**Student:** 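A single structure is presented below for examination.
Bear in mind that the values here come from a model prediction, so they are computed numbers and not experimental data. Start at 1 and go down the list; that is how both ligands and their atoms are numbered.
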Amino acid sequence: MRKVHGAGASPFVRKVRVALAEKGLDYELEVVFPFNTPPEFKKISPLGKIPVYQEDDYYLPDSSAILDYLEVKYPSPSLYPKDARERGRAVFLEEFADGGIAAKGTGAIFFQRIVGPRFMGQPTDEAVVAKAINEDLPPLLDYLESVLAPGGSFLVGNQFSIADIAVTSQFVNLAHAQYTVDAGRWPKLAAYLTKMFARPTFATLIAEERAMFGG
Ligand SMILES: N[C@@H](CCC(=O)N[C@@H](CS)C(=O)NCC(=O)O)C(=O)O
């Protein structure tokens with residue numbers, strides 16, 4: 001029995017759900033909202049964060065740990081490049097998304113526009129949003145634009161990988177928060193994300209989440 005403990009709107013939960021879907025693995029979503037998790041949740045997630053993946057009596061927190069576990073346990077289709085250099089790049093881009101885009105962009109914009117106003121009764125701090133959009137995110141988008149080949153479908157090599165899952169997942173949250181990549185300034189990235197959002201494993205979740213956010 002496979003379960004993902006978490007909330008669909010989390011980019012880290014989405015990473016796990018997309019990886020499971022890409023590998024054709026069914027699971028149940030056990031809804032757990034972050035920040036106010038009950039004390040017993042810490043037994044399965046010592047940092048109190050979502051997602052946690054469960055397989056019978058085995059519990060594993062952290063989306064990156066979970067994707068690595070899934071790859072070893074269910075190797076086909078592979079979500080990690082075989083070539084050592086490409087694999088290194090993919091793991092780095094996963095961290096670029098999880099630790100970089102999340103911290104500089106998603107955390108600020110999604111939190112300020114969606115989480116705060118809708119779930120915590122806090123108004124949007126427009127200065128925080130403007131700083132993220134105008135100062136913090138652009139260098140990260142410049143980097144992604146430099147990594148993509150013209151017409152490029154994938155971030156690393158010729159294969160859909162954890163790099164695509166992690167990076168796209170952050171941009172799904174940004175899209176929910178009405179932030180879209182300026183195609184005039186970052187044309188390769190905008191075209192790449194359009195393709196990724198249409199990929200069935202992402203499209204299914206995006207539709208489910210839009211129904212939730214009314215977007
Ligand atoms: N490195 C973790 C990050 C997970 C994470 O930050 N999840 C957020 C929700 S999107 C959370 O649970 N935050 C609650 C908290 O930090 O207490 C992963 O990849 O799973």
**Student:** The test is side chain to side chain contact (heavy atoms under 4.5 Å, CB included); show your working for V147 and R89 and say whether it passes.
**Tutor:** CA-CA 10 Å; V147 163; R89 298 268 319 137; 3.7 Å; yes
**Student:** I need the atoms of ligand 1 closer than 4.0 Å to a non-hydrogen atom of P51, numbered in the order shown.
**Tutor:**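 What qualifies from ligand 1 is 20 (O).
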**Student:** Measure from atom 17 (O) of ligand 1 to every heavy atom in F12, Y53, F35 and give the option owning the shortest one.
**Tutor:** F35
**Student:** State, yes or no, whether a side-chain contact exists between V156 and I162 at a heavy-atom distance under 4.5 Å.
**Tutor:**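 The answer is no; the side chains never approach within 4.5 Å.
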**Student:** To the nearest 0.1 Å, how far is atom 10 (S) of ligand 1 from its closest protein heavy atom, and which atom is that?
**Tutor:**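 Heavy-atom neighbour on the protein nearest atom 10 (S) of ligand 1: S10 OG, 3.2 Å.
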**Student:** Hey, does D164 have a side-chain heavy atom less than 4.5 Å from the side chain of M196?
**Tutor:**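 Yes, close enough: below the 4.5 Å cut-off.
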**Student:** So if you build clusters from Ile, Leu, Val, Met, Phe, Trp, Tyr with side-chain heavy-atom gaps below 4.5 Å, do Y58 and V13 land together?
**Tutor:**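 As far as the 4.5 Å side-chain criterion goes, V13 and Y58 are connected within one cluster.
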**Student:** Report yes if I50 has an N/O atom closer than 3.5 Å to an N/O atom of ligand 1; otherwise report no.
**Tutor:**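 Between I50 and ligand 1, an N or O pair is found under 3.5 Å apart.
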**Student:** Number the atoms of ligand 1 from 1 as they appear, then name those within less than 4.0 Å of a heavy atom of P34, with their elements.
**Tutor:** 11 (C), 12 (O), 13 (N), 14 (C)
**Student:** So is S63 polar-close to ligand 1, meaning N/O to N/O under 3.5 Å?
**Tutor:**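 Yes; the residue has a nitrogen or oxygen that sits under 3.5 Å from a nitrogen or oxygen of the ligand.
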**Student:** Only pairs at least two apart or in different chains count here, so list each ring pair (Phe, Tyr, Trp, His ring centres under 6.0 Å) that has a residue in residues 115-153.
**Tutor:**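 Qualifying pairs: F96-Y143.
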**Student:** Do any N/O atoms on D62 end up under 3.5 angstrom from N/O atoms on ligand 1?
**Tutor:**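 So ligand 1 has an N or O lying under 3.5 Å from an N or O of D62.
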**Student:** Among residues two or more places apart or on two chains, list those pairs meeting ring pair (Phe, Tyr, Trp, His ring centres under 6.0 Å) that have a residue in residues 156-194.
**Tutor:**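 Ring pair (Phe, Tyr, Trp, His ring centres under 6.0 Å) check on residues 156-194 returns H176-F213.
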**Student:** For atom 16 (O) of ligand 1, which of E95, E94, K49 has the closest heavy atom?
**Tutor:**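 Heavy atom nearest to atom 16 (O) of ligand 1 belongs to K49.
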